[in-house]
Amino acid sequence: MHMTISVAVSGASGYVGGEVLRVFSAHPEVEFGALTAHSSAGDRLGAHQPHLPHLADRVIVDTTPENLAGHDVVVLALPHGTSGEIAAQLPPETLVIDCGADHRLASAEAWAEYYGGDHSGTWPYGMPELVVGDAHQRDVLPGTKRIAVPGCNVTAVTLGLQPGVAAGVVDPTDIVAVLANGYSGAGKKLATPYLASEALGAAVPYAVGGTHRHIPEIVQNLTAAGADDVRISFTPTLVPMARGILATITAPLAAGVDPASVRDAWVEAYKDEPFMVVLPEGQWPTTASTLGANVAQMQVTVDAKAGRVVVVCAIDNLVKGTAGAALQSMNVALGLPETTGLSTIGTAP
């Protein structure tokens, strides 16, 4: 039976809003309602998202609770710290999906430390594959009316390492994660570090030394997956590409674990997950193979001399890292097949 799901998108002129519109356009049941923003209100969408010709003539309206209400689903693609106020004014029967950070963290103290200001509360977490004890996060999503989409870096690190944590084959007290990140993760804003003359030909680390806002979210997820204590050194680096994340994650091999059996933990954990790909042994993921796809590709090995497990995980930060996760979670919440409207086919080269 065909059903129509009316979807309003706030922040429609930004990178995340534009990707939500692109990804959700492939869903056979979705019909777009209000497309909203602040500074670009009154413009036609095509002036900001020319790659969406089917929506080019739509007029962007102001982001207000009145314009967003009356839809089945509202997707908030707003800057961190701004969606909480809007969300609090939306009807309880509306499925609200927040692509920002406002509702991801369970700890108000962690929010205050890494983001500042008041904590807007904690919503059900939009990572269906997340291991939660003996179950998965998808088990708590059906019927929910509020979903917090994970951070993109969080997605790469969590999905990359959680099978080893859940199986007890890695020591989570000494995790090192170094990420190569595309510039779209910084959002659509005019700032000197993001100009082409600054970015082309350069790799630029940022939020070094335990200051990145995604750290408490990673700790929260790996704790859910079974870690008693999580300590992580996390260093992201902007590289000259528009989108994509390549996360290289290492952790000590747990005592008494046979190195030859380590990779089996990832294969077993993800054998039935439609958007998780553990590549054949010896083949390593690249960001290019995940572009445009709601997929995480990874490989696992053991550095025997260092005594560490090495995982490399690639995702498209705007798809599996954001908009794809939003649609995937929406499907689960509404009782639809989880894969509806989502593709694992990338656009390489």
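Only heavy atoms go into these numbers, but all of them, side chains included; no hydrogens, no water, no symmetry mates.
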Review point. Side chains of F234 and V178: does their closest heavy-atom pair fall under 4.5 Å?
Key: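 No; the side chains remain at least 4.5 Å from each other.
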Check your understanding: Going by atom types alone, do E129 and Q328 pair a side-chain donor with an acceptor below 3.5 Å?
Key ->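 Yes, side-chain donor-acceptor contact under 3.5 Å.
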Practice item. Please round to the nearest 0.5 Å and tell me the distance separating atom CG of L334 and atom CD1 of I5. Key: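 Between L334 CG and I5 CD1, I get 5.0 Å after rounding to 0.5 Å.
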Exercise for review: Answer yes or no: are there more than 12 heavy-atom neighbours, outside Q89 itself, under 6.0 Å from its atom CD?
Suggested key: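 Yes, the 6.0 Å shell around CD holds more than 12 heavy atoms from other groups.
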Point to revise | Test item: side-chain donor near acceptor, R263 and Q299, under 3.5 Å | key: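 Q299 and R263 do have a side-chain donor-acceptor pair below 3.5 Å.
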Practice item. Count the heavy atoms belonging to other residues, nucleotides or ligands that lie under 6.0 Å from CG of D134, then report whether that count exceeds 12. Key: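 No, not enclosed.
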Point to revise | Nearest heavy-atom neighbours spanning T158 and I218 | key: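 Shortest heavy-atom contact: OG1-CA, 4.5 Å.
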Review point. Could you give the distance from CZ (R44) to OG (S13), rounded to the nearest 0.5 Å?
Key: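 Here the rounded value is 15.5 Å.
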Review point. Among side-chain atoms of N317 and S184, is any donor-acceptor pair under 3.5 angstrom?
Key: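 There is such a pair (donor and acceptor under 3.5 Å, judged by atom type) between the side chains of N317 and S184.
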Point to revise | Test item: side-chain donor near acceptor, T64 and N67, under 3.5 Å | key: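 Their side chains do contain a donor-acceptor pair, which is all the 3.5 Å distance test asks for.
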Exercise for review: Starting at NE2 of H71, measure out to CZ of F32 and round the result to the nearest 0.5 Å.
Suggested key: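 With rounding to 0.5 Å, NE2 (H71) is 11.0 Å from CZ (F32).
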**Study point:** Minimum side-chain heavy-atom gap L141-P128 below 4.5 Å
**Key:**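 With C-beta onward as the side chain, the pair touches.
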Point to revise | Separation of E19 CD from T322 OG1 (nearest 0.5 Å) | key: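 Taking OG1 in T322 and CD in E19, the distance rounds to 8.5 Å.
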Point to revise | Nearest atoms (heavy-atom pairs only) where M330 meets L95 | key: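 In terms of heavy atoms, the two residues are closest at CG-CD2, 3.8 Å.
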Review point. What do you reckon, is CD of E31 surrounded by more than 12 foreign heavy atoms closer than 6.0 Å?
Key: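 Atom CD in E31 is not crowded, with 12 or fewer foreign heavy atoms closer than 6.0 Å.
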Review point. In Å, rounded to the nearest 0.5 Å, how long is the span from CE of M298 to CG of L279?
Key: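 Atom-to-atom, M298:CE and L279:CG are 8.5 Å apart.
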Check your understanding: Considering residues, nucleotides and ligands other than D228, do more than 12 of their heavy atoms fall under 6.0 Å from its CG?
Key ->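 Counting neighbours around CG of D228, 12 or fewer heavy atoms of other residues, nucleotides or ligands fall under 6.0 Å, so no.
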Review point. Do you know the tightest heavy-atom contact between I97 and V149?
Key: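 Shortest heavy-atom separation between I97 and V149 comes out as CG2-CG2, 3.5 Å.
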Check your understanding: Is there a donor in the side chain of Y270 and an acceptor in the side chain of Q162, or the other way round, less than 3.5 Å apart?
Key ->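 Indeed, the side chains of Y270 and Q162 share at least one donor-acceptor pair under 3.5 Å.
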Check your understanding: CD/E29 to OG1/T4 distance, rounded to the nearest 0.5 angstrom?
Key ->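 Answer for the CD-OG1 pair, E29 versus T4, is 7.0 Å.
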Review point. V165 versus V170: any side-chain heavy-atom pair under 4.5 Å?
Key: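 Yes, side chains in contact.
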Review point. Counting only heavy atoms not in D303, do more than 12 fall under 6.0 Å of its CG?
Key: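 Enclosed.
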**Study point:** I315-V277 co-clustered via ILVMFWY side chain contacts under 4.5 Å
**Key:**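 No, it is not one cluster - the side chains of I315 and V277 are not joined through contacts under 4.5 Å.
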Review point. When you check the side-chain N and O atoms of D102 and H119, is any donor under 3.5 Å from an acceptor?
Key: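 H119 and D102 do not have a side-chain donor-acceptor pair below 3.5 Å.
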Exercise for review: Ignoring hydrogens and angles, state whether a donor on the side chain of N331 or T340 is under 3.5 Å from an acceptor on the partner side chain.
Suggested key: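 No donor-acceptor contact under 3.5 Å links the two side chains.
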Practice item. Quick one: closest heavy-atom pair of D171 and A251, and the distance? Key: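 Smallest interatomic distance, heavy atoms only, reads O-CB, 3.7 Å.
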Check your understanding: Looking at I249, T173, L222, I215, which one forms a side-chain contact (heavy atoms from CB on, under 4.5 Å) with I232?
Key ->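 That would be I215; it is the only one of I249, T173, L222, I215 passing the side-chain contact (heavy atoms from CB on, under 4.5 Å) with I232.
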Check your understanding: With a 4.5 Å limit on heavy-atom distance, are the side chains of V311 and W266 in contact?
Key ->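 Yes, side chains in contact.
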Check your understanding: Mind checking whether T122 and L105 have side chains closer than 4.5 Å, heavy atoms only?
Key ->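 Contact flag for T122/L105 side chains = no.
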Review point. Hey, mind stepping through H80 and Y115 against ring pair (Phe, Tyr, Trp, His ring centres under 6.0 Å) and telling me if it holds?
Key: CA-CA 8 Å; H80 302 323; Y115 291 91; 5.8 Å; yes
Point to revise | V309 side chain near V300 side chain, heavy-atom distance below 4.5 Å | key: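 Yes; the side chains approach each other to less than 4.5 Å.
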Review point. Just by distance, with hydrogens left out, do E109 and Y114 show a side-chain donor and acceptor under 3.5 Å apart?
Key: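 Absent: no donor and acceptor within the cut-off.
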Exercise for review: Taking all heavy atoms of V96 and all of L90, pick out the closest pair and write down the distance.
Suggested key: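 Between these two residues, the closest heavy atoms are CG2-CD1, 3.9 Å.
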Practice item. Examine H212 together with Y206 and report whether their ring centres are nearer than 6.0 Å. Key: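 Yes.
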Practice item. Assess the side chains of S289 and Q297: does a donor N or O sit below 3.5 Å from an acceptor N or O? Key: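 Short answer, yes.
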Review point. Any side-chain heavy-atom pair from L68 and L76 closer than 4.5 angstrom?
Key: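 They are in side-chain contact.
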**Study point:** Heavy-atom closest pair, residues V75 and C99
**Key:**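 Reported closest heavy-atom pair: CG1-SG, 3.8 Å.
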Exercise for review: Would you mind checking if R308 and D174 are paired as a salt bridge, meaning a charged N to carboxylate O distance below 4.0 Å?
Suggested key: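 A salt bridge is present here (some side-chain N lies under 4.0 Å from a carboxylate O).
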**Study point:** Close side-chain approach of P259 and L253, heavy atoms under 4.5 Å
**Key:**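 They are in contact (side-chain heavy atoms under 4.5 Å apart), so the answer is yes.
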